[in-house]
Amino acid sequence: MPPDNEADYEVGYGKPPRHTRFKKGRSGNPRGRPNGSKNLSTLLSETLSESVIVAENGGRRTISKRRAIITQLVNRSAKGDLRAAKILLDILQEIERRTEPASAETSFGPADEKTIAQLKARFYGKK
C-alpha cells in the first residue's frame, strides 16, 4: 500500500480512507461460519447415507438408512396405512413432476390462450 498522502488520494464513494480499510491477512468477517462446518442439507444427506443392519427373510443385511426408510414406507402403505400411502403418493407425484417436461398441449389453459390471442392481436395490429 502506498504511503498515506491525503493530497493525492480522494476519499469518496467506494474509496474509503486508507486507515479504515481491511488489513491484509485479516478476514472481513472474523466470527463468521467456521471452516469445515456443514449445512443442514449436507448433514441430512450424510446421515441418510449411513448404513444400518436390518433383518430380512431370516437373514441380516446392511443397507442405507435412506433405503430402510423407503422400504418401511412402501411396506406400511401396502398394509393399508393411509398416512404412509399419502406420503408415498406425494413423493411419486413430485418425482414425476420433475422428470416429465410440460407438454405444449397441457401447459396453457383457456385463460392463457385468450391472453396469448390478445397479445398477438396487439402485436400484429389486428382486433
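Atoms considered below: every heavy atom in the structure, side chains included; atoms not considered: hydrogens, waters and symmetry mates.
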(message) side-chain contact (heavy atoms from CB on, under 4.5 Å), that's the test. Do Leu48 and Leu44 meet it? Break it down for me.
(response) CA-CA 6 Å; Leu48 287 174; Leu44 182 63; 4.0 Å; yes
(message) For a quick test of reading the model, state the closest non-hydrogen atom pair linking Arg21 to Pro16 and the distance between them.
(response) NE-O, 3.7 Å
(request) List the atom of Ser64, the atom of Ser49, and the distance in Å for their closest heavy-atom pair. (result) CB-O, 4.1 Å
(message) Apply side-chain contact (heavy atoms from CB on, under 4.5 Å) to residues Ile63 and Ile53 and explain how you reach the verdict.
(response) CA-CA 6 Å; Ile63 60 174; Ile53 299 172; over 6 Å; no
(message) Quick check on Lys23: does its NZ atom have over 12 non-hydrogen neighbours (other residues, nucleotides or ligands) under 6.0 Å away?
(response) yes
(request) Could I get the full list of salt bridge (Lys or Arg N to Asp or Glu O under 4.0 Å) partners for Arg66, not counting sequence neighbours? (result) none
(message) With rounding to the nearest 0.5 angstrom, report the CG to OG distance, Leu89 to Ser77.
(response) 7.5 Å
(message) Evaluate Ile87 against Leu73 for side-chain contact (heavy atoms from CB on, under 4.5 Å), listing each step before the verdict.
(response) CA-CA 8 Å; Ile87 293 170; Leu73 186 63; 3.9 Å; yes
(message) Counting C-beta onward and ignoring hydrogens, is there a side-chain heavy-atom pair between Arg67 and Thr71 closer than 4.5 Å?
(response) yes
(message) What's the separation between atom OG1 in Thr99 and atom CD in Glu94, rounded to the nearest 0.5 Å?
(response) 10.0 Å
(request) Write down the atom of Thr47, the atom of Lys65, and the distance for their closest heavy-atom approach. (result) O-CD, 3.3 Å
(message) Is there a side-chain contact (heavy atoms from CB on, under 4.5 Å) between Glu46 and Thr42? Walk through the geometry before answering.
(response) CA-CA 6 Å; Glu46 286 178 359; Thr42 304; 3.8 Å; yes
(request) Kindly compute the distance separating CG (Leu40) from NZ (Lys38), expressed to the nearest 0.5 Å. (result) 13.0 Å
(request) Rounded to the nearest 0.5 Å, what's the gap from CG on Leu88 to CG on Asn75? Could you check? (result) 10.5 Å
(request) First locate atom OG of Ser51, then atom CZ of Arg61, and finally report the distance between them rounded to the nearest 0.5 Å. (result) 11.5 Å
(request) Determine whether Thr62 and Val52 make a side-chain contact, defined as any pair of heavy atoms from C-beta on separated by less than 4.5 Å. (result) no
